[in-house]
Asks: 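Structure in structure tokens, see below.
Computation of the quantities below employed the complete heavy-atom set of this structure, encompassing side-chain atoms and omitting hydrogens, waters and symmetry-equivalent molecules. For reference, positions follow the sequence shown, starting with 1.
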Amino acid sequence: MIRANDIIEKVADYYPAADFDTIRKAYAYSAYAHRNQVRLSGEPYMVHPIEVANMLAEMKMDVASIAAGLLHDTLEDDPMTSIEDLSLRFGDEITSLVEGLTKISKIKFKSSREHQAENYRKMILAMVKDIRVLVIKLVDRMHNMRTLDFQKPARQEAIAQETLDIYAPLANRLGISWMKQEFEDSSLRYLQPTIYHELEEKVARKELESREFIDKIIKLVLRNLDHYGISGEVAGRLKHFYSIYRKMVRRDIAFEQIYDIIAFRILVSDKAECYNVLGIIHALWRPVPSRFKDFISIPKANMYQSLHTSVIGPDGRYIEFQIRTREMHQIAEKGIAAHWHYKEGYQLDDHDRKQMGWLRQMIEWQQDVNNPGEFLDSVKIDLFSEAVYVFTPVGEVKELPSGSTPIDMAYIIHSNIGDHCSGAKVNGKLVPLRYQLKNGEMVEIVTSKRQHPNKDWLAFVKTSKARSKIRQWVKKEEEKRSIELGREFCEKAFARLKLSFNQALKSGKMQAAAVEFSLNHAEALLAAIGRGKLSAQQVINRIYPELREQRKSKGKKEESKASRKPPRDGISIKDIDDVMVRFAKCCNPLPGDDVVGFITRGRGLTIHRRNCRHVHKGESERYMDVEWNLERSTSHSVKIRIMCEDVKGMLVALGTAISSQEANIASGSVKTSIDHKAICFFEIQVKDLEHLKKVKQALRAVKGVYQVARMS
């Protein structure tokens, strides 16, 4: 087992002035807290925090991070350990890191997806306070992945999937490439074990076959660099397993069909030499035009810089080159850890502030997202999508997720620009708002004061900021409409009882009623009525309880009459009276269909079939539960389509079949084709779903009829 002195020796190499006593104290405290615990492997639990701390030392992290790595499980696993105790022994900085890392497994959530989303939200909130929490969390997960063999298969798969979905992209976002690659490869090993082991064997064989080829390329490149007076380092390798696997899936090809499996890295002294080397490589071999990327001029969000180019090398083999300075390579490998400050107290430099920036933005954009699934999906888009880099008219570079639109860019520039985005020009040409931006395009946003966010934008925007801002606007507009509809319901209900709604509003009676219904203000009460959560009659009963008593005293006879009064249009609506009801023409609901009511401003309640494509799940607040009142027999229109043979007498036979079931034909039309086929459209009047079924059965019995279907 690794000793405290082993960790201290590593820290002393890069930070001789470190407070080594803190590391020793944390080591001893952790050993005591975990003294009676063992891992699934049978080894002492203390092995885990020691390995985490050792990895952090290898990454050249500061003393507080290493101490927190040693202590990260003590709060949860040791009942004798408290935040106060840690604070007294190790100070607020280390305690804050440990608290941020403490697992949230004691909290109960409705589903594993909600658990994952809430866990992730809390992790991001902790990271915003101190990004070291994320670095330690990643290292913690790294050691868990390295010892995953001892878990049950189902648990292995769940942890591997979470690692692939969450932790690998986060490591990439911090620019720690070795960690990202190990996460991806180890996840693949547990998620697709057969594919992983096949790749392992094939890559090992390919490496042996390619060794001579790699050496030949390295020597050739070094000779050319030396010829131009450039001192550089060249290394060649095969790409990591997950990268190869993704390429096989994306292109739907076998391993043997991947030609750009070998990648070379060239390290030089400065930026100018990077571009000189690029010229040398392109002079040696023909470049593949679509495979060149300049991440030096336009760095990635994680500050990664490098030139990427693919060429057609000897024997027609595709070769990829990455060209960067040695400093760029340090950042590419170590990410944020390459910028760390080892001082008393944690200090942020400009790079760290940028890293914190995207986390803060993410929280800002997600604060109004209440649905855990929505939160998780939008965060994955923001952090884990491939990036596209576009320019503003003044030459400023904006990074967006792949598939982003001009609306996404408008919101990235400023919320106000996004809200009023009416059009966009890409490279000087007008494009639709749903146009997907491509690398290197110059995008100019056109705004108009009359333009406002549109709910339809949610179907194609990509960034969570755009989605969040559009949803906020839609929610605000829905709230306005609900208030207006609630006011309309109240005015009618009050007038029917010869009461003054405006007087109730001005006197504060509506406000008092709102408080009784646990709402903050009268407008919230009106919105609840407009959404169908409350009825105007319920509010009147609260404000004027004496009227309720008067109605009760009218006697059982009148009550019985009222209860027998047929509801409007065969539809029952709980707790709401005198609401105008109409049936949606898009789906023509019939008694017997599963239906739902949609509150429409100024038009009362529209009844839809629940599976109607116009029923939007995202607007649940405007939908009301309704049910059929089958005591009342009324006729309902429904459209049907009949596919049949185009023969003499067919229309008469169809009309007779419909009439035989006592259904009235309101209208009809016929389309014929040259192959003696006909499509007949009828609008008929039926009582309910059962009546329609009988009509359809009668039509199917007509000779020459192929199909009878209800139309929406």
Asks: Ignoring hydrogens and geometry, is there a side-chain-to-backbone donor-acceptor pair from Ser210 to Lys206 under 3.5 Å?
Replies: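 Flag set: sc Ser210 to bb Lys206 pair under 3.5 Å.
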Asks: State whether Arg205 and Glu209 are salt-bridged, where the test is any N-O pair (Lys NZ or Arg NE/NH1/NH2 against Asp/Glu carboxylate O) under 4.0 Å.
Replies: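 Here Arg205 does not pair with Glu209 in a salt bridge, since their nearest N and O are not under 4.0 Å apart.
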Asks: For the pair Arg146 and Ser186, evaluate side chain to side chain donor-acceptor pair (under 3.5 Å) and give the outcome as yes or no after the intermediate values.
Replies: CA-CA 8 Å; Arg146 289 177 178 178; Ser186 54; over 6 Å; no
Asks: At their closest point, which heavy atom of Pro406 faces which heavy atom of Ala424, and how far apart are they?
Replies: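 Heavy atoms of Pro406 and Ala424 come nearest at CB-CB, 3.4 Å.
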Asks: So for atom CZ, which belongs to Arg286, do other residues, nucleotides or ligands contribute more than 12 heavy atoms lying within a distance under 6.0 Å?
Replies: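 Count not over threshold, so no.
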Asks: Counting N and O atoms only, with roles assigned by atom type, does the side chain of Gln156 sit under 3.5 Å from a partner on the main chain of Leu148, one being a donor and the other an acceptor?
Replies: yes
Asks: Could you walk me through whether Ser310 and Glu320 pass the side chain to side chain donor-acceptor pair (under 3.5 Å) test, one step at a time?
Replies: CA-CA 4 Å; Ser310 289; Glu320 183 184 302; 4.5 Å; no
Asks: For Leu307, is there any backbone N or O sitting under 3.5 Å from a side-chain donor or acceptor partner on Tyr275?
Replies: no
Asks: How far apart are the closest heavy atoms of Val11 and Ala18, and which atoms are they?
Replies: CG1-CB, 3.8 Å
Asks: With a 4.5 Å heavy-atom cut-off, do Met179 and Val139 have their side chains touching?
Replies: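 They are in contact (side-chain heavy atoms under 4.5 Å apart), so the answer is yes.
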Asks: For the residue pair Ser87 and Asp92, what are the closest heavy atoms and their distance?
Replies: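 Scanning both residues, the minimum pair turns out to be OG-OD1, 2.8 Å.
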Asks: Could you tell me whether His308 and Phe295 have their ring centroids closer than 6.0 angstrom?
Replies: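 Here the rings of Phe295 and His308 have centres that are less than 6.0 Å from each other.
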Asks: I need the Glu51 CD to Asn144 CG distance, nearest 0.5 Å.
Replies: 11.5 Å
Asks: Decide if the gap between the ring center of Tyr242 and the ring center of Phe183 is smaller than 6.0 angstrom.
Replies: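 No, the ring centres sit 6.0 Å or more apart.
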Asks: Between Arg24 and Asp21, does at least one N-O distance fall below 4.0 Å, as a salt bridge requires?
Replies: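 A salt bridge is present here (some side-chain N lies under 4.0 Å from a carboxylate O).
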Asks: Are a donor atom and an acceptor atom from the side chains of Arg291 and Tyr318 found within less than 3.5 Å of each other?
Replies: no
Asks: Go through it in stages, so that I can follow the logic: the residues are Val133 and Leu97, the test is side-chain contact (heavy atoms from CB on, under 4.5 Å), and I'd like the CA-CA distance, side-chain angles, deciding distance and then a yes or no.
Replies: CA-CA 6 Å; Val133 171; Leu97 291 172; 3.9 Å; yes
Asks: Does Val311 reach the side chain of Val288, with side-chain heavy atoms less than 4.5 Å apart?
Replies: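 Side chain of Val311 against side chain of Val288, heavy atoms only: no contact under 4.5 Å found.
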Asks: Please find the pair of heavy atoms, one from Thr22 and one from Ala67, that lie closest to each other, and give the distance.
Replies: CG2-CB, 4.1 Å
Asks: Ignoring hydrogens and angles, tell me if any N or O in the side chain of Ser30 forms a donor-acceptor pair with the backbone of Ala26 under 3.5 Å.
Replies: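 No; zero donor-acceptor contacts below 3.5 Å.
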Asks: Under 6.0 Å from the CZ atom of Phe292, do we count more than 12 heavy atoms belonging to anything else shown?
Replies: yes
Asks: Please confirm whether Arg89 makes a cation-pi placement over Tyr29, using NZ or CZ under 6.0 Å from the six-membered ring centre and within 45° of the ring normal.
Replies: no
Asks: Which residues pass the ring pair (Phe, Tyr, Trp, His ring centres under 6.0 Å) test with Phe241, not counting sequence neighbours?
Replies: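 Scan of Phe241 (ring pair (Phe, Tyr, Trp, His ring centres under 6.0 Å), adjacent residues dropped) gives Tyr196.
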Asks: Could you walk me through whether Ile159 and Tyr190 pass side-chain contact (heavy atoms from CB on, under 4.5 Å), step by step?
Replies: CA-CA 9 Å; Ile159 292 171; Tyr190 293 101; over 6 Å; no
Asks: With a 3.5 Å distance limit and no angle check, can you tell me whether Asp270 reaches the backbone of Ala272 through a side-chain donor-acceptor pair?
Replies: yes
Asks: Quick one: do Asp13 and Lys60 make a salt bridge, cutoff under 4.0 Å?
Replies: no
Asks: Under 6.0 Å from the NZ atom of Lys438, do we count more than 12 heavy atoms belonging to anything else shown?
Replies: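 It does: Lys438 NZ has more than 12 such atoms within range.
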Asks: Would you say NZ of Lys202 has more than 12 non-hydrogen atoms from neighbouring residues, nucleotides or ligands within 6.0 angstrom?
Replies: yes
Asks: So, Asp6 side chain and Arg3 main chain: donor-acceptor pair closer than 3.5 Å or not?
Replies: yes
Asks: Between the side chain of Asp252 and the main-chain N/O of Met248, is any donor-acceptor distance below 3.5 Å?
Replies: no
Asks: Are the side chain of Asp408 and the backbone of Lys462 linked by a donor-acceptor contact shorter than 3.5 Å?
Replies: yes
Asks: Going through the checks in order, is the side-chain contact (heavy atoms from CB on, under 4.5 Å) test met by Arg324 and Gln322?
Replies: CA-CA 7 Å; Arg324 60 181 79 141; Gln322 297 172 359; 2.8 Å; yes
Asks: Who passes side chain to side chain contact (heavy atoms under 4.5 Å, CB included) against Met442, sequence neighbours left out?
Replies: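 For Met442 the side chain to side chain contact (heavy atoms under 4.5 Å, CB included) partners, ignoring immediate neighbours, are Phe391, Pro393, Asn427.
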Asks: Answer yes or no: are there more than 12 heavy-atom neighbours, outside Lys398 itself, under 6.0 Å from its atom NZ?
Replies: yes
Asks: Can you tell whether the side chains of Arg237 and Glu207 come within less than 4.0 Å, N to carboxylate O?
Replies: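 The answer is no: the pair does not qualify as a salt bridge.
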Asks: Does Tyr435 OH have over 12 foreign heavy atoms under 6.0 Å away?
Replies: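 Check passes, neighbour count above 12.
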Asks: Looking only at the side chains, is there a donor atom on one of Asp165 and Gln161 sitting less than 3.5 Å from an acceptor on the other?
Replies: yes
Asks: CZ of Arg246 to CG of Leu188: how many Å apart, nearest 0.5 Å?
Replies: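 Here the rounded value is 12.0 Å.
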Asks: Starting at CD of Glu273, measure out to CG of Leu225 and round the result to the nearest 0.5 Å.
Replies: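 Glu273 atom CD to Leu225 atom CG measures 9.0 Å (nearest 0.5 Å).
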Asks: Between atom CD1 of Ile298 and atom CG of Asp294, what is the distance when rounded to the nearest 0.5 Å?
Replies: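 It comes to 6.5 Å.
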Asks: Do Ile94 and Leu71 make a side-chain contact, defined as non-hydrogen atoms from C-beta onward lying under 4.5 Å apart?
Replies: yes
Asks: For His414, does the NE2 atom sit with more than 12 other heavy atoms under 6.0 Å from it, leaving out its own atoms?
Replies: no
Asks: Tell me whether Lys137 forms a cation-pi arrangement with Tyr167, defined as NZ or CZ under 6.0 Å from the six-membered ring centre and within 45 degrees of its axis.
Replies: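 Not satisfied by the 6.0 Å and 45° rule.
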Asks: Start with the C-alpha distance between Ser404 and Gln436, add both sets of side-chain angles, then the distance that settles side-chain contact (heavy atoms from CB on, under 4.5 Å), and finish with yes or no.
Replies: CA-CA 6 Å; Ser404 291; Gln436 293 192 356; over 6 Å; no
Asks: With rounding to the nearest 0.5 angstrom, report the CD to CD1 distance, Glu212 to Ile214.
Replies: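 That separation rounds to 11.0 Å.
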Asks: Count the heavy atoms of every other residue, nucleotide or ligand shown that sit under 6.0 Å from CG of Asp149, and state whether that count exceeds 12.
Replies: yes
Asks: Do Glu200 and Arg189 meet the salt-bridge criterion of a basic N to acidic O distance under 4.0 Å?
Replies: no
Asks: Could you check whether any side-chain N or O of Ser415 sits under 3.5 Å from a backbone N or O of Tyr411, counting only pairs where one atom can act as donor and the other as acceptor?
Replies: no
Asks: Can you tell me how far the CZ atom of Arg223 sits from the CD1 atom of Ile218, to the nearest 0.5 Å?
Replies: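 Arg223 CZ to Ile218 CD1: 12.5 Å, rounded to 0.5 Å.
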Asks: Where do Asn54 and Lys10 come nearest, in terms of heavy atoms and distance?
Replies: OD1-NZ, 2.7 Å
Asks: Just checking, is any N or O donor in the side chain of Ser177 or Glu333 under 3.5 Å from an acceptor N or O on the other one?
Replies: yes
Asks: For Ile136 versus Ala68, what's the shortest heavy-atom pair and its separation?
Replies: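 The answer is CD1-CB, 3.8 Å.
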Asks: Determine, for Lys271 against Glu327, whether the closest basic-nitrogen to carboxylate-oxygen distance falls under 4.0 angstrom.
Replies: no
Asks: Do Gln305 side-chain atoms and Ile296 backbone N/O form a donor-acceptor pair below 3.5 Å?
Replies: yes
Asks: Mind checking what makes ring pair (Phe, Tyr, Trp, His ring centres under 6.0 Å) contact with His48, not counting sequence neighbours?
Replies: Tyr45, His72, His143
Asks: For a quick check under 3.5 Å, do Thr147 and Arg39 share a side-chain donor-acceptor pair by atom type?
Replies: yes
